[in-house]
Each structure stands twice: as structure tokens, then as C-alpha cells.
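What follows is one structure encoded as C-alpha cells, with my remarks underneath.
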There are 2 protein chains.
Amino acid sequence: MASDRVEQILASLRKNGGRASTPRRVIIETLLDARHHLTVEELTTDVQAGHPEIHLTTVYRTVEALEALGIVYHVHLGHGPAQWHLADDAHQHLVCQSCGRVVEAPDGAFAELRDRLEGDFGFLPDARHFAVVGWCAECRSRLPGGTPSR
Amino acid sequence: MASDRVEQILASLRKNGGRASTPRRVIIETLLDARHHLTVEELTTDVQAGHPEIHLTTVYRTVEALEALGIVYHVHLGHGPAQWHLADDAHQHLVCQSCGRVVEAPDGAFAELRDRLEGDFGFLPDARHFAVVGWCAECRSRLPGGTPSR
DNA sequence: TTCCGTGCAAACAATTTGCAATAGA
DNA sequence: TCTATTGCAAATTGTTTGCACGGAA
């Protein structure tokens with residue numbers, strides 16, 4: 001049940017010396033309802049549909065607090081604002097630099113790379129915070145050259 | 001010889017209907033001299049050491065023009081400003097989200113991943129515009145948990 | 001002569017910060 | 001009570017745009 005999840009997250013905030021305010025409750029509810037790939041601005045719009053008094057700044061501060069607890073995380077997918085996700089919804093992002101489309105790929109495809117980077121460089125890639133830029137199938141057929149355009 | 005390279009790049013600009021101005025010449029020289037991983041701001045500082053009249057805006061516009069010709073490219077490595085590179089200096093970036101260090105990895109490590117993404121998703125990753133976020137060897141030993149901190 | 005590139009100011013987008021008032025624990 | 005959190009305004013950072021002038025082709 002979603003509301004259980006909300007209470008659980010609020011409890012986690014409290015346990016870490018934080019407080020369970022109404023804005024935080026509303027923001028968390030909205031976040032759980034929303035699709036993933038949400039910017040702070042989009043999240044704020046959704047939140048303000050029911051609670052216009054909740055300020056953009058508060059949303060920024062709330063997602064930050066939730067990130068510190070490992071409940072959400074954000075990715076910078078090239079240009080534009082950061083995208084926020086629930087932490088249990090971890091996957092890789094393939095971002096098309098021609099059309100901006102984001103394809104999601106399962107972790108599996110990256111297992112070899114992960115082993116390789118860890119073995120060769122001692123570098124542990126973050127499965128969540130990981131975006132691959134390139135060209136999607138559709139743009140590749142439309143633009144045969146495969147040249148970047150931003 | 002570096003100055004040959006400068007003339008070659010200016011010729012390329014001219015060939016595409018552009019003009020070879022003094023600011024552009026200076027910016028290109030500075031870019032060729034500099035280490036890679038240069039922000040526009042850093043590049044401007046270097047340029048202005050010899051030519052204080054050259055404006056930040058001009059540097060932005062010049063690197064943009066050079067990118068359109070495929071001579072340089074930029075990457076967003078997580079937070080902060082974009083990093084600019086010469087196109088012939090293509091490599092992958094492993095960005096440590098704890099200390100910000102950028103490790104460079106040869107293309108080789110990514111060959112399998114590239115084949116995999118192309119086969120499974122028709123997605124062609126851009127070898128140049130590609131950053132992997134994670135934790136470097138040193139931070140991993142320092143912070144045993146391996147928890148993000150931004 | 002044409003029109004591209006420049007400097008400068010100002011706009012912009014995304015995010016962060018300072019601060020007094022408010023409201024959880 | 002005590003202090004974390006909020007709303008609001010304002011500051012910051014990185015980048016882009018408008019515009020009149022000057023210089024390359």
C-alpha cells in the first residue's frame with residue numbers, strides 16, 4: 001500500500017532527527033504516485049495542484065533530504081534539469097542526443113563493464129547514477145550519418 | 001607543428017562560411033596548448049592572460065562553432081560546468097562522485113558494452129560523450145560503506 | 001560591399017542561500 | 001520549549017541572446 005510507504009519514509013526522516021511536516025508528506029505522496037523521470041519543477045507542479053502554497057524551494061530541500069537517506073536519487077541526463085527517481089527503481093539510462101528520448105536498460109547489460117572497470121581501475125560504477133549518451137535506433141535510421149547535433 | 005593545426009582549423013572554419021578572426025585564432029591556440037578537461041571559464045582565463053579584451057561570450061561562441069565542425073566536443077560530468085576536449089582526444093570518463101576526480105579509461109573497456117547496447121537496443125553509444133559515475137579506488141578504501149555523498 | 005563575429009549588457013534556467021515566522025517533537 | 005522546516009526574496013552559477021559596431025572575405 002502506498003500510504004504505508006509514505007509513513008515508512010516519514011519514520012525514516014524522524015529517525016534521523018528530521019520532522020514529518022505536511023509539505024514533506026505531500027511531496028512524498030506525489031513522488032510515489034508519479035512516473036519516474038521527474039524534474040523538481042514537474043514534481044512541484046504536481047504538488048501544487050493540491051497544495052499551491054508549497055514552494056519550489058521546499059521541494060528542492062525535500063528531495064535533497066530524501067536523497068541523503070538513500071530513498072531517492074537524481075541523474076543529470078545531459079542538458080536540462082536533473083531527473084529524480086525512487087531508489088528502488090534503479091536502472092540505466094540511454095539518452096539519445098538527437099531526439100532526447102531516454103531508453104531504459106536493465107542492469108544486466110552493464111555487468112561486464114562493471115567487472116571490467118572494477119578490475120582494471122578499481123572504479124566502482126554507480127548503477128543508479130549512470131547515463132549513456134548516444135543515438136537511438138530511430139534517429140540512426142533517420143540521420144544516416146550519425147553525427148551529433150546536441 | 002601546433003601552428004599548422006591552428007591554420008588547418010581556421011581553414012576549416014572558412015570553408016564552412018566562417019571567418020578567421022584574431023579572437024578565434026587565440027582561442028584555438030590556447031585550446032591546443034591546454035590540457036584537456038577545460039571549462040569555458042578556464043579557457044577564458046587562459047585566453048585573457050594574453051588578450052584581456054576577449055570576452056567570455058566569444059569563447060562560448062567559438063567552442064560552439066568548433067563543436068559544429070567536429071573539432072572539439074563537450075561533456076557534462078555530473079555537476080558543474082561542461083568540460084571541453086579536442087575531438088581527437090576521445091576517451092571515456094570515470095567520475096568519482098565522492099572526490100570529483102576524473103579517471104580516463106581507454107575505449108577498449110567499453111567495446112563489449114557498445115556491442116551489447118547496439119545489439120539489444122539498436123542504441124549506438126557515443127564514445128566521446130560518455131561519463132560513468134561511481135567511486136574511485138581511493139574513496140572506496142576511505143569510505144568503506146560506498147555510500148554516495150554527491 | 002557584404003554580412004560574420006565581437007564586446008557588452010542583459011536575459012535566462014536551474015539551483016542555492018539568508019532570514020524571520022511557524023510548527024513538529 | 002527547542003530547533004527543524006517553511007515561504008519568500010534574493011543571490012549564484014553556467015549559459016544564451018539582442019544589438020550596434022568593426023573587421024574579414
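Proteins come first, then strands; the chains are lettered A, B, ... in the order of their sequence lines, and each starts at number 1.
- Here C:dT17 is the nucleotide among C:dG5, C:dT17, C:dG24 with the atom lying nearest to any side-chain atom of A:Arg61.
- Taking 3.5 Å as the limit, the base of D:dT3 and the side chain of A:Arg19 contain a donor-acceptor pair of atoms between them.
- Taking the ring centroids of A:His76 and B:His76, they lie at or beyond the 6.0 Å cut-off.
- For A:His55 and D:dA10, the NE2 to P distance is 12 Å, given to the nearest whole Å.
- In the set D:dT15, C:dT16, D:dT6, D:dT15 carries the atom at the smallest distance from any side-chain atom of B:Ala82.
- A:Ala65 comes within 4.0 angstrom of nothing in the nucleic acid, heavy atoms only.
- Nucleotide D:dT13 holds its C1' atom 12 Å from the CG atom of B:Leu56, rounded to whole Å.
- Judged purely by atom type and a 3.5 angstrom limit, A:His55 uses its side chain to pair as donor or acceptor with the backbone of A:Thr57.
- Aromatic ring pairs are classed by plane angle as parallel below 30°, tilted from 30° to 60° and perpendicular above 60°; the pair B:His93 and B:His37 is tilted.
- B:Ile54 comes within 4.0 angstrom of the backbone, heavy atoms only, and of no base.
- Distance from the side chain of A:Thr62 is smallest for D:dT6 among the nucleotides C:dG7, D:dT6, D:dT17.
- Rounded to a whole Å, the CD atom of A:Glu42 is 14 Å from the C1' atom of C:dA13.
- Within the 4.0 angstrom heavy-atom criterion, only backbone atoms of the sugar-phosphate kind lie near A:Ser21; the bases stay farther away.
- Panel note: side chain A:Thr30, backbone A:Val26; a donor-acceptor pair is recorded below 3.5 Å.
- For B:Tyr60 and C:dG5, the OH to P distance is 19 Å, given to the nearest whole Å.
- Residue B:Glu64 contributes atom CD, which lies 17 Å from atom P of D:dG14 at whole-angstrom precision.
- The CD1 atom of A:Ile28 sits 11 Å away from the P atom of D:dT5 (whole-angstrom rounding).
- In this structure, CD of A:Glu53 is placed 16 Å from C1' of C:dA21, rounded to the nearest angstrom.
- In this structure a side-chain-to-backbone donor-acceptor pair under 3.5 Å is present from A:Arg140 to B:Gly122.
- Contact annotation: A:Arg14 side-chain N/O to C:dA25 OP1/OP2 distance is under 4.0 Å.
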